[in-house]
Amino acid sequence: MSTVKDHAELAQVFNNDEKRVDWHDETLWFVRAKRDRASHGIPDWELLRETASQIKHNVLSNMHNYLVQFEDKALANGVKVHWAANAAEHNAIVLSILKEKGIDRMVKSKSMLTEECHLNDFLQDNGVEVIDSDLGERIVQLAKEPPSHIVLPCIHKKKEEIGDIFHEHLGTAAGESDPQILTETARQHLREVFLTRRAALTGVNFAIAETGEFVVCTNEGNADMGAHLADVHIASMGFEKLIPQRKHLSVFLRLLTRSATGQPITTYSSHFKKPRPGQQMHIIIVDNGRSIQLGREDFRNSLKCIRCGACMNTCPVYRRSGGHSYHTAVAGPIGSILAPNLDMKKYSDLPFASTLCGSCSNVCPVKIDIHDQLYKWRQVIVKNGYSTKTKTAMMKGMTLALSSPAIFNFSGKAGRLALKFIPFAVNNGLNPWYKQRDMPAPPEGSFTDWYKKNRKGEKS
Ligand code: SF4
């Protein structure tokens with residue numbers, strides 16, 4: 001495998017375990033079907049999607065005002081507000097807050113932003129222990145793996161594998177894979193963590209400009225446990241998490257979990273407005289490439305994303321290639337739009353990891369034109385010279401063939417003859433298409449031949 005990570009090569013690794021691929025595919029499709037049932041239960045679903053999209057459109061167009069308004073209100077509420085231009089600044093701010101308080105152990109609930117910033121590794125390198133408190137995140141943390149899905153971080157793992165991880169790290173009996181017993185073990189383990197950590201970091205699902213408060217959605221209540229028991233609460237948010245007013249929250253809360261897991265509402269949607277007496281509350285507002293994406297007209301709508309994961313659950317490529325094949329914090333269709341913005345060369349493979357079927361755009365609760373953006377990224381990547389040498393050569397060959405009828409007809413004839421008489425020239429291990437598919441039998445003649453014979457002179 002080459003040193004530059006490539007989705008197709010990493011997907012091949014996942015595909016080596018066929019049973020896992022089938023089970024991963026079916027499980028995510030089950031979640032997608034639940035989402036369909038939940039959305040069909042709301043007559044105004046399409047209106048809700050359109051409303052959410054328009055609210056976010058307003059936010060993206062007035063970001064400068066809403067950010068200032070949010071900061072003013074948060075400061076007035078007694079919250080300390082920090083601004084981070086990039087991942088390094090974000091991580092340094094978290095460390096400085098902890099150092100100032102002499103804290104070297106922290107509990108953290110789910111935050112894809114901290115995955116994006118590689119916060120855990122940074123803190124560990126600086127002598128701070130971080131324990132993830134979301135159950136799925138804790139499992140992948142113990143397995144020393146990144147999450148493979150933004151909502152279901154360990155969806156790629158079977159319960160037997162989780163049993164082995166718990167046996168090694170949390171002392172459950174060898175071979176124990178009963179979900180009830182494993183969950184209870186995690187509960188006891190995390191309880192001790194919640195009670196002993198003086199700092200808690202949470203993500204932010206929605207930040208309300210009107211009031212300066214922020215809302216964190218979890219199904220396990222782990223963000224609340226950490227934040228309520230800690231002396232210091234740090235909340236990390238990408239600046240696109242803003243919504244203008246509290247009343248807008250109802251639109252997003254109705255969409256979020258129905259789209260994510262098919263539940264009518266997240267179990268805990270907790271509002272944090274001001275620190276309790278004696279507590280410190282910090283909000284770190286992070287850019288890390290978002291303002292560049294905001295300035296890319298074709299891609300700015302990707303900042304409307306509320307991280308529900310629906311586009312992943314429905315994507316035929318994601319379901320059969322696994323989240324780790326995307327080699328970035330946010331996998332799947334939306335990750336393939338966000339990642340090239342951060343590093344076009346490193347993630348130039350991702351916009352091509354799609355069938356462009358449009359299913360992602362159809363399920364997106366904020367109506368992001370995901371598949372159109374993937375198609376546009378392909379053009380940008382090719383124009384900037386980041387497509388692979390093979391693909392560039394093939395495209396040049398196609399341009400030549402398609403711009404000359406003589407070459408096109410000759411190539412078609414040569415291809416048909418090759419498939420008929422020397423099929424191994426096309427159907428061999430060097431042809432990635434042939435690795436997992438049969439080539440169709442070659443037609444006897446070209447469409448032009450058929451048309452001349454059957455239709456020439458006909459009037460439509
Ligand atoms: S792009 Fe849309 S469907 Fe995908 S995670 Fe974001 S909000 Fe959900």
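Hydrogens, waters and symmetry mates play no part in the numbers below; they use all other heavy atoms, side chains included. By convention here, the first residue in the shown sequence is residue 1.
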Item to complete: Say whether Glu50 and Gln54, considering side chains only, have a donor N or O and an acceptor N or O under 3.5 Å apart.
Response: yes
Worksheet entry | Distance in Å, Leu374 CG paired with Ile337 CD1, rounded so as to fall on 0.5 Å steps | 4.5 Å
Worksheet item: Taking atom types as modelled and ignoring hydrogens, do the side chains of Glu116 and Asn288 form a donor-acceptor contact shorter than 3.5 angstrom?
Response: yes
Worksheet entry | For Trp29, side chain to side chain donor-acceptor pair (under 3.5 Å) partners two or more places apart | none
Discussion item. Ignoring hydrogens, what is the shortest heavy-atom contact between Thr266 and Cys217? Give both atom names and the distance.
Written reply: CG2-CB, 3.7 Å
Discussion item. Does atom NZ (Lys73) have a neighbourhood of more than 12 heavy atoms from anything else shown, all under 6.0 Å?
Written reply: no
Discussion item. Among Leu48, Thr51, Ile265, Leu249, exactly one meets side-chain contact (heavy atoms from CB on, under 4.5 Å) together with Arg254. Which residue is that?
Written reply: Leu48
Item to complete: Measure the spacing between SG of Cys305 and CD1 of Ile370 and express it to the nearest 0.5 Å.
Response: 7.5 Å
Fill in: Side chains of Trp83 and Glu71, donor plus acceptor under 3.5 Å
yes
Discussion item. Can you confirm whether Lys99 is buried at NZ, in the sense that more than 12 heavy atoms of other residues, nucleotides or ligands lie under 6.0 Å from that atom?
Written reply: no
Worksheet item: Within the side chain of Ser354, is there an N or O that forms a donor-acceptor pair under 3.5 Å with the backbone of Pro351?
Response: no
Worksheet item: Under the 6.0 Å and 45° cation-pi test, does Lys56 pair with Phe252?
Response: yes
Discussion item. With a 3.5 Å distance limit and no angle check, can you tell me whether Glu210 reaches the backbone of Arg246 through a side-chain donor-acceptor pair?
Written reply: yes
Worksheet item: What pair of heavy atoms forms the shortest contact from Tyr268 to Gly221, and how long is it?
Response: CD1-N, 3.2 Å
Worksheet item: Does CD belonging to Glu160 count more than 12 external heavy atoms closer than 6.0 Å?
Response: yes
Practice prompt. Could you pull out the closest heavy-atom pair between Ile368 and Ser302, with the gap in Å?
Written response: CD1-O, 4.0 Å
Fill in: Expected output: side-chain Trp45 to main-chain Ser39 donor-acceptor under 3.5 Å
no
Worksheet item: In a check of side-chain contact (heavy atoms from CB on, under 4.5 Å) between Phe30 and each of Glu26, Lys34, Arg32, which one passes?
Response: Lys34
Practice prompt. Grab the two heavy atoms, one from Thr314 and one from Arg319, that are nearest each other, plus how far apart they are.
Written response: O-NH2, 3.2 Å
Item to complete: Check whether the ring centres of Phe206 and Phe214 lie less than 6.0 Å apart, and answer yes or no.
Response: no
Worksheet item: Can you tell me if Asp134 uses its side chain to pair, donor with acceptor, with the backbone of Glu137 under 3.5 Å?
Response: yes
Worksheet entry | Distance-only donor-acceptor check, side chains Ser236 and His90, under 3.5 Å | yes
Discussion item. Strictly distance-based, threshold 3.5 Å: is any side-chain N or O of His248 a donor or acceptor partner for the main-chain N or O of Gln245?
Written reply: yes
Item to complete: Give every residue pair that meets the ring-ring contact (aromatic ring centres under 6.0 Å, His included) criterion with at least one member in residues 158-182, sequence neighbours excluded.
Response: none
Worksheet item: Under 4.0 Å between a Lys/Arg side-chain N and an Asp/Glu carboxylate O for Glu213 and Lys274?
Response: no
Discussion item. Using only atom types and a distance under 3.5 Å, with no angle test, would you say the side chain of Asn313 pairs donor to acceptor with the backbone of Thr27?
Written reply: no
Worksheet item: With no hydrogens and no angle check, is any side-chain donor or acceptor of His233 less than 3.5 Å from a backbone partner on Met281?
Response: no
Discussion item. Run His371 and Ser361 through side chain to side chain contact (heavy atoms under 4.5 Å, CB included) and show every step you take.
Written reply: CA-CA 6 Å; His371 72 295; Ser361 306; 2.6 Å; yes
Worksheet, complete the sentence: Partner of Pro244 under side-chain contact (heavy atoms from CB on, under 4.5 Å), picked from Ile208, Ile55, Asn65, is Ile55
Discussion item. One thing to verify: whether Glu129 and Arg197 come together as a salt bridge, which I'm taking to mean a side-chain N less than 4.0 angstrom from a carboxylate O.
Written reply: yes
Worksheet item: Which residues pass the salt bridge (charged side-chain N to carboxylate O under 4.0 Å, His left out) test with Arg35, sequence neighbours left out?
Response: none
Item to complete: Check side chain to side chain donor-acceptor pair (under 3.5 Å) between Thr388 and all other residues, then give those that pass, not counting sequence neighbours.
Response: none
Worksheet item: Can a salt bridge be assigned to the pair Arg187 and Glu184 using a cut-off of 4.0 Å between side-chain N and carboxylate O?
Response: yes
Worksheet item: Within a reach of under 6.0 Å around NE2 of His82, are more than 12 heavy atoms found that belong to other residues, nucleotides or ligands?
Response: yes
Worksheet entry | Cation-pi check, Lys5 onto Tyr347 ring (under 6.0 Å, within 45° of axis) | no
Fill in: Pairing of Glu240 and Lys304 as salt bridge, 4.0 angstrom limit
no
Worksheet item: Hey, are the side chains of Gln280 and Ile234 touching, using non-hydrogen atoms and a 4.5 Å cut-off?
Response: no
Discussion item. Assess, by modelled atom type and distance only, whether the side chains of Asn91 and His118 contain a donor and an acceptor separated by less than 3.5 Å.
Written reply: no
Worksheet entry | Donor-acceptor under 3.5 Å (Asn384 side chain, Tyr386 main chain) | no
Worksheet item: Backbone N or O of Ala11 within a donor-acceptor pair of the Asn15 side chain at under 3.5 Å?
Response: yes
Worksheet entry | Main-chain N/O of Leu303 paired to Gln293 side chain as donor or acceptor, under 3.5 Å | no
Item to complete: For atom NZ of Lys376, decide whether the heavy atoms of other residues, nucleotides or ligands shown that lie under 6.0 angstrom number more than 12.
Response: yes
Discussion item. Using a strict threshold of under 4.0 Å (side-chain N to carboxylate O), is an ion pair present between Arg320 and Asp22?
Written reply: yes
Worksheet, complete the sentence: In terms of heavy-atom contacts, Val140 and Cys154 come closest through CG1-CB, 3.7 Å
Worksheet entry | Salt-bridge present (Asp17, Arg20; N to O < 4.0 Å) | yes
Practice prompt. Taking all non-hydrogen atoms of both residues into account, name the closest pair between Val216 and Ala223 and its distance.
Written response: CG1-CB, 3.8 Å
Practice prompt. Verify the neighbour count for atom CD of Gln188: are there more than 12 heavy atoms of other residues, nucleotides or ligands below 6.0 Å?
Written response: yes
Discussion item. Is any side-chain heavy atom of Pro147 closer than 4.5 Å to one of Glu115?
Written reply: yes
Fill in: Pairing of Arg138 and Glu220 as salt bridge, 4.0 angstrom limit
no
Compile the donor-acceptor pairs under 3.5 Å between side chains in residues 102-109 and protein atoms, sequence neighbours left out, one pair per line.
from	atom 1	to	atom 2	distance (Å)
Lys108	NZ	Thr114	OG1	3.1
Lys108	NZ	Asp132	OD1	3.0

For residues 322-330, which side-chain N or O atoms pair as donor and acceptor with protein atoms under 3.5 Å away, sequence neighbours left out?
from	atom 1	to	atom 2	distance (Å)
His324	NE2	Pro146	O	2.8
Ser325	OG	His7	NE2	3.2
Ser325	OG	Ser321	O	3.1
Ser325	OG	Ser321	OG	3.4
Ser325	OG	Gly322	O	2.6
Tyr326	OH	Tyr318	N	3.4
His327	NE2	Asp349	OD1	3.4
His327	NE2	Asp349	OD2	2.9

